[in-house]
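Notes for the one structure printed next.
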Amino acid sequence: MTDPRRGVPRTDAVLDDPRLRAAIATLGRSTVKAAVVAAQERARRGEIPPAQVADSAVAGLPDRAASLRPVLNATGVVVHTNLGRAPLSAAAVEAVVAATGYTDVELDLATGRRARRGRDTLAALAALVPAAAAVHVVNNGAAALSLAATALATGREIVVSRGEMVEIGDGFRLPDLLACTGARLREVGTTNRTTRADYEAAIGPGTAFLLKVHPSNFVVRGFTSSVPVRDLATLPVPVVVDIGSGLLGPDPLLPDEPDATTALRAGAALVTASGDKLLGGPQAGLMLGTADVIERLRRHPLARAMRVDKLTLAALEATLRGPVHPVRQALSADPAELRARAEALAAKLPGIGAEVVPARSVVGGGGAPEVELASWALALPVGYAAPLRLGDPPVVGRVEHNRLLLDLRCVPAALDKPLGEAILAVDDASVT
C-alpha cells in the first residue's frame, strides 16, 4: 500500500492557492507559510486527507498580522490596565490611520524647513491648560517623572513624604524609579501624617525639589494629614506634582481627583501625568509647568530616548481637540439607559437564565479608588466566563458570588448586538 503521507502536497504548491496568495498580501509570507506547514503536519498525522491541506491552511489563518485582539470590556472597570487602559475615540483612530504614512511631523510645509516635532499637539495641550507656561510630552507617565528627576535632581535630593512612596503597579515602586535616575530621596513625615514643617526642616543646599505624589490607587483614612501644593509652594524650592491619572482641569464627576490646572495655579513648577487614563488618549507622559523648567527637560539628552512617535502625537492631538472620548462617555453613562439596554439584551437570550442586576462600576487605572458608579449588568451562569473570554470577539466580564456579570457601562450601545450574538454562540457543552 502507498503511504498516504506521500500524497501531502509540497509547500510551494499549497502557497500557490489563490486564497493563500491573497493572504500573503495582508498577513505576510511567514505567517501564511506557518499555517500551511501546520496543515501539512495534520495531513501527515492522518487528521485530514492530503487534498484538504489548502483548505485547512486557509481556515488556520489569523484575522490580522498582529496578535492583539479587540475585546468587549464588560468588567465595569473604565480604565482597565490589562485591556489597554483608555480606548481611543473614533477621531483619534482616524488621526492615527492618517499618520501611518509620510507626514509633516517635523516639516513646515509652508517654508519647506524643519519644524518642531509635535508642535500642533503641544499647542492643543497648552490651550487646554492656560496655567502652564509651557508643555512637553514623553512616552508615558513614569518616563515623565524619570525625566524630571534626571534633569533636575541628579546628584541632589528630592524631598517626598513617606505616605506618598507608592508602588505604581506590577512591582514598580516610586523610590526605585527615582533612585535609578541618580537622585537621592529624602523621606519626611510618617506614613499617615506629614506636615509643612517636615518639608521645611529637610530643605538644604542639596535639595532639588519637593515631590508631591497623588496616591491614586489607595486611600489612607483616620489620623492623617498631608500638605497641599499651595503650602509647599511657599517654601524656597520648586514643587513637582505627579497627579497620575491625567485630569487637565477640575472634574465634578471626580471631585477628589487632582488636576493639572489646580496644581499649577497653586504654585507647582511642574506637573506630570499619564495620557491614557482619565484624559482618554494614547499612552503618553504629560509635562506641564514653567517655561524654564520645561525647556530644561526638553533639552536634556534623555528626552530623545523618551520621545513619542508620530502615531502617539496624532492620537493625542485628536483626543485633545476632538469630541467626547470613550472614557468620558463611560464615566458619565446614565444608569437608567444601562438598565434599559441590559433588559433588552436579556429579552433576546431565552433559555440562558440571564438576569438584569444592579452593579457597581469603578474608574480603574489607579484613579479615584473609592469612587463607585451605579451601573447595570447581565448576570449569567459562571460557566459562561471562559467560553466568552475565548470567543470571537472575546468578552471579558467579572465573576461575583459565583455569577458572571457583564457590566454594560464600558460597552458602547452599538456593540449590544455583537455582545448578544457572542452569548448565544456559546456552546451549551462548554458551559461547566
Side-chain angles (χ1 to χ4, degrees), residues 79 85-86 118 121-122 125-126 128-129 131-154 158-161 164-169 172-181 183 185 208-217 228-229 232-233 237-249 257-300 302-303 305-308 312 316 319-320 365-367:
V79 182
R85 293 185 176 167
T121 303
L122 296 173
L125 178 58
L128 290 177
V129 191
V135 299
H136 186 60
V137 177
V138 291
N139 51 24
N140 63 29
L145 194 53
S146 297
L147 179 58
T150 303
L152 305 177
T154 297
I158 298 173
V159 179
V160 60
S161 169
E164 298 173 6
M165 301 284 277
V166 300
E167 181 174 310
I168 59 178
F172 291 96
R173 295 178 172 178
L174 180 72
D176 300 333
L177 181 71
L178 295 176
C180 73
T181 68
L185 294 185
F209 59 80
L210 309 181
L211 176 61
K212 179 76 175 171
V213 179
H214 175 52
S216 56
N217 52 9
V229 175
L232 292 179
V237 290
V239 178
V240 174
V241 182
D242 179 20
I243 62 171
S245 293
L247 284 183
L248 299 184
E257 197 71 10
D259 66 274
T261 296
T262 299
L264 289 165
R265 287 177 176 169
L270 175 68
V271 172
T272 64
S274 295
D276 57 348
K277 296 181 181 179
L278 294 177
L279 185 66
Q283 177 176 292
L286 312 181
M287 310 185 80
L288 310 100
T290 63
D292 60 323
V293 167
I294 293 297
E295 185 62 14
R296 286 181 65 184
L297 301 175
R298 190 178 76 84
R299 300 306 305 172
H300 192 277
L302 190 60
M306 298 177 174
R307 190 176 75 172
V308 293
T312 301
L316 181 56
T319 301
L320 294 167

Listed partners of Val135 passing side chain to side chain contact (heavy atoms under 4.5 Å, CB included), at least two apart: Leu122, Leu125, Ala126, Ala132, Leu288
Heavy-atom distance under 4.5 Å between the side chains of [X] and [Y], does that happen here?
{"X": "Leu316", "Y": "Leu286", "value": "yes"}
{"X": "Val229", "Y": "Thr262", "value": "no"}
{"X": "Ile294", "Y": "Leu270", "value": "yes"}
{"X": "Met306", "Y": "Ser146", "value": "yes"}
{"X": "Arg173", "Y": "Met165", "value": "no"}

Shortest non-hydrogen separation from [X] to [Y] and the atoms involved:
{"X": "Ala273", "Y": "Gly246", "value": "CB-CA, 3.7 Å"}
{"X": "Leu145", "Y": "Leu178", "value": "CG-CD2, 4.0 Å"}
{"X": "Ala266", "Y": "Ala233", "value": "O-CB, 3.4 Å"}
{"X": "Arg298", "Y": "Ala303", "value": "O-CB, 3.7 Å"}
{"X": "Ala263", "Y": "Val271", "value": "CB-CG2, 3.8 Å"}
{"X": "Cys180", "Y": "Leu177", "value": "SG-O, 3.0 Å"}

If you count heavy atoms of other groups shown closer than 6.0 angstrom to CZ of Arg307, is the number above 12? yes
Please check: side-chain N/O of [X] versus main-chain N/O of [Y], any donor-acceptor pairing under 3.5 Å?
{"X": "Thr154", "Y": "Thr181", "value": "yes"}
{"X": "Arg296", "Y": "Ala151", "value": "yes"}
{"X": "Thr261", "Y": "Leu248", "value": "yes"}

Measuring from [X]:[atom1] to [Y]:[atom2], what's the distance to the nearest 0.5 Å?
{"X": "Leu279", "Y": "Arg85", "atom1": "CG", "atom2": "CZ", "value": "12.5 Å"}
{"X": "Ser274", "Y": "Gln283", "atom1": "OG", "atom2": "CD", "value": "8.0 Å"}
{"X": "Glu257", "Y": "Leu278", "atom1": "CD", "atom2": "CG", "value": "5.5 Å"}
{"X": "Thr272", "Y": "Leu211", "atom1": "OG1", "atom2": "CG", "value": "7.5 Å"}
{"X": "Leu147", "Y": "Leu152", "atom1": "CG", "atom2": "CG", "value": "8.0 Å"}

